[in-house]
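When reading the values below, keep in mind they use all heavy atoms of this one structure, side chains included, and skip hydrogens, waters and symmetry mates. Here the structure is a predicted model, which is why all the values come from computation and not from measurement.
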Amino acid sequence: MIDYALLLIRLLFVALLYLFLFAIMKTGIGAVRGQRKRERTWSLSVEKGPKELRGVSIVVRGPVIVGRNPGADIVIGAGYVSGRHARFSLMGQNLFVEDLGSTNGTAVNGQFINEPTALRNGDTVNVGDVAIRVRFA
């Protein structure tokens with residue numbers, strides 16, 4: 001009889017522990033969502049490049065890799081684009097682009113870059129011969 005009572009107490013303890021952990025997770029996720037609403041969101045739109053990519057728009061929520069490799073977030077099958085050409089990344093409320101050692105370079109508004117560069121609304125990033133417009137979403 002005592003064995004059954006101990007088993008029931010253990011099961012009840014585990015159930016309460018799971019409920020407690022679920023409540024903590026739910027509160028933490030809600031706090032993170034509340035913070036993200038105040039942040040700027042950015043989008044990348046392909047304006048010049050392969051026909052199948054023109055007009056494609058991606059909202060940036062984390063690092064976005066642009067390149068010719070199938071593992072890139074935006075895959076561009078153009079001759080002047082390297083396998084891992086450039087990375088767009090958020091730092092605070094700012095969007096940065098950096099060249100990842102590509103052969104043909106990355107340019108912001110016609111100026112080639114060699115270090116992470118902050119972007120502004122309406123900037124054009126050239127990845128090889130592909131033009132990507134940066135906008136606030």
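Salt-bridge check for Glu98 with Arg84: failed, with every basic side-chain N at 4.0 Å or more from each acidic carboxylate O.
At least one donor-acceptor pair under 3.5 Å links the side chain of Asp99 to the backbone N or O of Gly101. In terms of modelled atom types and a separation under 3.5 Å, the side chain of Thr117 and the main chain of Glu115 share a donor-acceptor contact. A donor-acceptor pair is defined here as one N or O able to donate and one able to accept, closer than 3.5 Å; no such pair exists between the side chain of His85 and the backbone of Thr103.
Ala72 and Gly67 make their closest contact through CB-N, 3.8 Å (heavy atoms, listed as atom of the first residue, atom of the second, distance). Asn126 and Ala131 get closest at one heavy-atom pair: ND2-CB, 4.1 Å. Between Arg68 and Gly77 the shortest heavy-atom distance is CG-CA, 4.2 Å. What you find for Gly105 and Ser102 is that their closest heavy atoms are N-OG, 3.1 Å.
Taking 4.5 Å as the limit, some side-chain heavy atom of Arg135 sits within range of a side-chain heavy atom of Ser45. Counting heavy atoms from C-beta outward, Val75 and Asn69 have side chains that stay 4.5 Å or more apart. The closest side-chain heavy-atom distance from Val130 to Pro50 is below 4.5 Å.
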| message | For Ile74 and Phe88: C-alpha separation, side-chain torsions, deciding distance, then whether side-chain contact (heavy atoms from CB on, under 4.5 Å) applies. | response | CA-CA 11 Å; Ile74 300 176; Phe88 292 88; 5.8 Å; no
| task | Could you walk me through whether Leu119 and Phe96 pass the side-chain contact (heavy atoms from CB on, under 4.5 Å) test, one step at a time? | result | CA-CA 6 Å; Leu119 298 171; Phe96 286 79; over 6 Å; no
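At most 12 non-hydrogen atoms from other residues, nucleotides or ligands lie less than 6.0 angstrom from OH of Tyr80. Other residues, nucleotides and ligands contribute more than 12 heavy atoms inside 6.0 Å of the CZ atom of Arg54.
Take Asn121 and apply the side chain to side chain donor-acceptor pair (under 3.5 Å) test, not counting sequence neighbours, and it matches no residue.
Remark: Thr41 OG1 to Leu90 CG distance equals 9.5 Å, nearest 0.5 Å. From Asp73, atom CG reaches atom CD1 of Ile65 across 6.5 Å, with rounding to the nearest 0.5 Å. In this structure, Thr106 OG1 and Gln111 CD are separated by 13.5 Å, a value rounded to the nearest 0.5 Å. With rounding to the nearest 0.5 Å, the separation of CG in Asp123 from CG in Leu95 is 9.5 Å. Leu8 CG to Tyr4 OH: the interatomic distance, rounded to the nearest 0.5 Å, is 12.0 Å. One finds the CZ atom of Phe136 at 9.5 Å from the CD atom of Gln93 (value rounded to the nearest 0.5 Å).
When the side chains of ILVMFWY residues are joined at heavy-atom separations under 4.5 Å, either directly or via intervening members, Val56 and Trp42 end up in a single hydrophobic cluster.
A donor and an acceptor atom, one from each side chain of Thr124 and Arg133, are located under 3.5 Å apart.
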